[in-house]
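Worksheet for the structure shown next.
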There are 2 protein chains.
Amino acid sequence: MTQKRADVEKTGETDRSALPATGWAVLGLLSFGDELSGYDLKKWSDRSLRFFYWSPSFSQIYGELKRLEKAGYVSARSVAQETGHRDKRVYVITDEGMAAVRHWAREAPVEPPVLKHGVMLRLWLGHLLEADRMREVLGRHREYAETMRQRAETDGADTRAGEAGAPPSLVAKWSQRYYAAERDLADAMLADLTELAELTDRDERGGRRT
Amino acid sequence: MTQKRADVEKTGETDRSALPATGWAVLGLLSFGDELSGYDLKKWSDRSLRFFYWSPSFSQIYGELKRLEKAGYVSARSVAQETGHRDKRVYVITDEGMAAVRHWAREAPVEPPVLKHGVMLRLWLGHLLEADRMREVLGRHREYAETMRQRAETDGADTRAGEAGAPPSLVAKWSQRYYAAERDLADAMLADLTELAELTDRDERGGRRT
DNA sequence: TTGCCCATGTAATTTGTTACATGATTTA
DNA sequence: TAAATCATGTAACAAATTACATGGGCAA
C-alpha cells in the first residue's frame, strides 16, 4: 500500500523536459511534420489518438500548444484566411521539439494503460440489475465496439498524414484488432448471460438449487 | 465538433443524486453489504475495480466517503481497535444509498470506455523509434498483460466479498479474457514487427524499394 | 432563419494525484 | 533496527472538463 514517491530529486529547478502525457501526444502529432492549427490538431487527434489514447478537448490542446511554445518545442505563426474568417494560428515542431519527443519515446518509462470501463462498472453491479438491462447495456457496447472497429479501419489511413494509400501503421492495425476483441468480448459475455439464464431456468423447473 | 452541452436544466438546485463515477464505484463496493473502512475499500478496489475501472487513491476514497455521508448514502461509526491502533471509521450503505446505486445502475446513461494506452502512444511514434526499443516496450507490455490476467484469475473470487468458492462473476471472467486478449494483441504486433523487418531485409538485399 | 462548421481562447470548476503528518505493531 | 502494514486525513498541485464569448460563412 506504498504511496508512490517520484524518484526525482527535488532540486528547485523545473525540469524543462517534463511534460504531461497529453503534451507529448500533441507534440507527437506535430512530429509527423505538418504545420497545423489547434483546430486541425483536434480533428486529427479525433481520428488517430482517439482509438488508443483519448482525444483531448479543444481547450486542452490550446493550452498544451502554449506550453510547448514556451518550452521552445514548437513555433507558431499567424496566417490570414482568404475569406472573412478569423486569423489562424499554425504550429510547427522545432528541432529541439523533435529531439525532445524522440528522447521521450526512446527513454521515458512507459506508464501502464489506464482503463475506465463504464460498461463493466455497471455490469459488476449485477446484483442490482435485471438481466434485460444487462443485455441492453452489453448490446449497445457491442455496437459501439463494432463502430469503433470500422472507424479505426477507415481512419487508419490517416495515421500517416497525407500519404494516400500508405499501408496501415502497426498501431492502426492494433486498434482494429483491439475493437474487434472488445466486440467479441461483449458477445462472449452475452453468451455467458444466456447460459446462466438457462441454468437458473432448469433449476427452477427441477426445483433444485446449486 | 460540437462542444458537449449537458442536458440538465440549470435550476439553482444541486442535484443530490449526481455523483462522479468514482463516487458510484465506492458506493458500489459498499452495495455488496459489508461494513468497511476507507482502508478496506482501497484494498478491495485494488483487487476488483482495478481490472476494469482503475483504483482510486486513498485520499480520493476518503473524500468520496465524506461526500457519500453528506448525501445520506452511507452511515459511519468509529470502532476502537483492540491494540493501540488508531480508531477505525467504518461505513455501511443506507437504504437511500442502495436505492440510489440501483437507480444509477439501471437508468444512468453509460459512458463509453476511456482508454489511455501509453504503450500504443509510444509505438504510434514509430518513426522516431528503433525496432529494438519497440520490441522491448511490447515485450514488457506482454508481461504486464499476462500478470494482470493471472491476478484477475486469482482475485476473481474476491469479487463477491467473503463467499469462498463462489463462481467467478461475469465481470471477473471478462477481465481474464480482456487481459488474455491484450497479451495476444501484443504477440500479434510483435509478429507484425518481425514480418516488417523481414520485408525490409529482403528489399534491401534485392535493392528494391516498394 | 436556424443551425452547423470554422476558429480561438478564457474562466470556473471538478477530478485526481503526490506529498506530508502521525504513530503503533509486526516481521525480517 | 529498518521496513512494511494498519489507518486517516490535509494541503498543494496538476490535469481536464464544461461553459461561455465571439463572429463570419454556408447549407437546408
Side-chain angles (χ1 to χ4, degrees), chain A residues 1-10 14-15 18-26 36-46 49 53-69 76-91 111-112 114 116, chain B residues 1-10 14-15 18-26 36-46 49 53-67 69 76-91 111-112 114 116 118:
Chain A
M1 224 54 41
T2 332
Q3 206 90 328
K4 224 178 290 169
R5 183 176 298 267
D7 49 357
V8 187
E9 277 100 280
K10 281 170 290 180
T14 321
D15 189 351
L19 279 183
T22 308
W24 295 116
V26 172
L36 297 164
S37 69
Y39 200 85
D40 295 333
L41 284 163
K42 169 61 175 166
K43 273 187 307 170
W44 191 24
S45 101
D46 280 348
L49 277 178
Y53 200 90
W54 129 104
S55 193
S57 64
F58 277 111
S59 60
Q60 224 189 321
I61 287 180
Y62 290 123
E64 290 300 340
L65 284 172
K66 223 173 240 181
R67 167 155 34 192
L68 291 171
E69 202 184 352
R77 65 188 185 94
S78 280
V79 289
Q81 302 288 83
E82 325 85 64
T83 62
H85 279 299
R86 186 198 277 202
D87 272 12
K88 209 183 196 175
R89 205 170 163 73
V90 287
Y91 297 83
E111 336 65 73
V114 173
K116 286 195 176 191
Chain B
M1 224 54 39
T2 331
Q3 205 91 329
K4 224 178 290 168
R5 184 176 297 268
D7 49 356
V8 188
E9 277 100 281
K10 282 171 290 181
T14 321
D15 188 352
L19 279 183
T22 307
W24 295 116
V26 172
L36 297 165
S37 67
Y39 201 85
D40 296 333
L41 284 163
K42 169 62 175 166
K43 272 187 308 170
W44 191 24
S45 100
D46 279 349
L49 277 180
Y53 199 91
W54 130 104
S55 193
S57 64
F58 277 110
S59 59
Q60 222 188 331
I61 287 180
Y62 290 122
E64 290 299 339
L65 284 171
K66 223 173 239 181
R67 166 155 36 191
E69 200 183 356
R77 66 190 183 93
S78 280
V79 290
Q81 303 286 85
E82 327 84 65
T83 63
H85 279 299
R86 188 198 277 205
D87 273 12
K88 207 183 198 174
R89 205 171 163 71
V90 287
Y91 296 84
E111 337 63 75
V114 173
K116 286 194 177 192

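Numbers restart at 1 for each chain; the letters A, B, ... are given by sequence-line order, proteins then strands.
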Between A/L65 (CG) and C/dT10 (C1'), how many Å, whole number?
-> 15 Å
Interatomic distance, OG@A/S45 vs OH@A/Y53, rounded to 0.5 Å, equals 12.0 Å
Tell me: CD of B/E111 to P of D/dT18, nearest whole Å?
-> 12 Å
B/Q60 side-chain N/O to C/dT17 phosphate OP1/OP2 under 4.0 Å | yes
To the nearest angstrom, the CG-P distance between B/D40 and D/dT5 comes to 15 Å
To the nearest Å, give me how far apart NZ (A/K43) and P (C/dC4) are.
-> 18 Å
D/dA16 OP1/OP2 closer than 4.0 Å to side-chain N/O of A/R67 = no
Between CZ on residue A/F58 and CD1 on residue A/I61, distance to nearest 0.5 Å | 7.0 Å
For the pair A/E69 and A/K66, find out whether any cationic side-chain nitrogen is under 4.0 Å from an anionic carboxylate oxygen.
-> no
Do A/Y62 and A/Y39 pass the side chain to side chain contact (heavy atoms under 4.5 Å, CB included) test, and can you show the C-alpha distance, the side-chain angles, and the key distance before you say yes or no?
-> CA-CA 9 Å; A/Y62 290 123; A/Y39 200 85; 4.2 Å; yes
Among C/dT18, C/dT15, C/dT10, which is the nearest nucleotide to the side chain of B/S59?
-> C/dT18
If you check the B/K66 side chain, which of D/dG9, D/dA15, C/dG9 turns out closest?
-> D/dG9
Using a cut-off of strictly less than 4.0 Å, decide whether B/T22 has a side-chain nitrogen or oxygen near OP1 or OP2 of C/dT15.
-> no
Does B/Y91 or B/K116 map to a spot on DNA chain D nearer the 5' end, using the closest nucleotide for each?
-> B/Y91
Among D/dT5, D/dA16, C/dT8, the nucleotide that comes nearest once only the side chain of A/Y39 is considered | C/dT8
Whole-Å distance separating the CH2 atom of B/W24 from the P atom of C/dG16 = 15 Å
D/dT18 phosphate, OP1 or OP2: any side-chain N/O from A/S57 under 4.0 angstrom?
-> no
Interatomic distance where CZ belongs to B/R89 and P belongs to D/dG9 [whole Å] = 6 Å
Length of the line joining B/L36:CG and D/dC6:P, which is rounded to integer Å | 14 Å
Counting side-chain heavy atoms from C-beta on, which of D/dT18, C/dG9, D/dG9 comes nearest to B/Y62?
-> D/dG9
Can you check whether B/E64 reaches B/P20 side chain to side chain, under 4.5 Å on heavy atoms?
-> yes
The nucleotide from D/dA11, D/dA15, C/dA7 with an atom nearest the side chain of A/K88 is C/dA7
Tell me: CD of B/E64 to P of C/dG16, nearest whole Å?
-> 7 Å
Below 4.0 Å: OP1/OP2 of C/dT15 and any side-chain N or O of B/W54 | no
If you pin A/P56 and B/S37 to their nearest nucleotides in DNA chain D, which one's is more 5'?
-> B/S37
Ignoring backbone atoms, establish whether B/K42 has a side-chain N or O less than 4.0 Å from OP1 or OP2 of D/dG9.
-> no
A/F58 has a side chain; which of D/dA15, D/dT8, C/dT8 sits nearest to it?
-> C/dT8
Nearest-0.5 Å distance that lies between atom CG in B/L36 and atom NZ in B/K43 = 9.5 Å
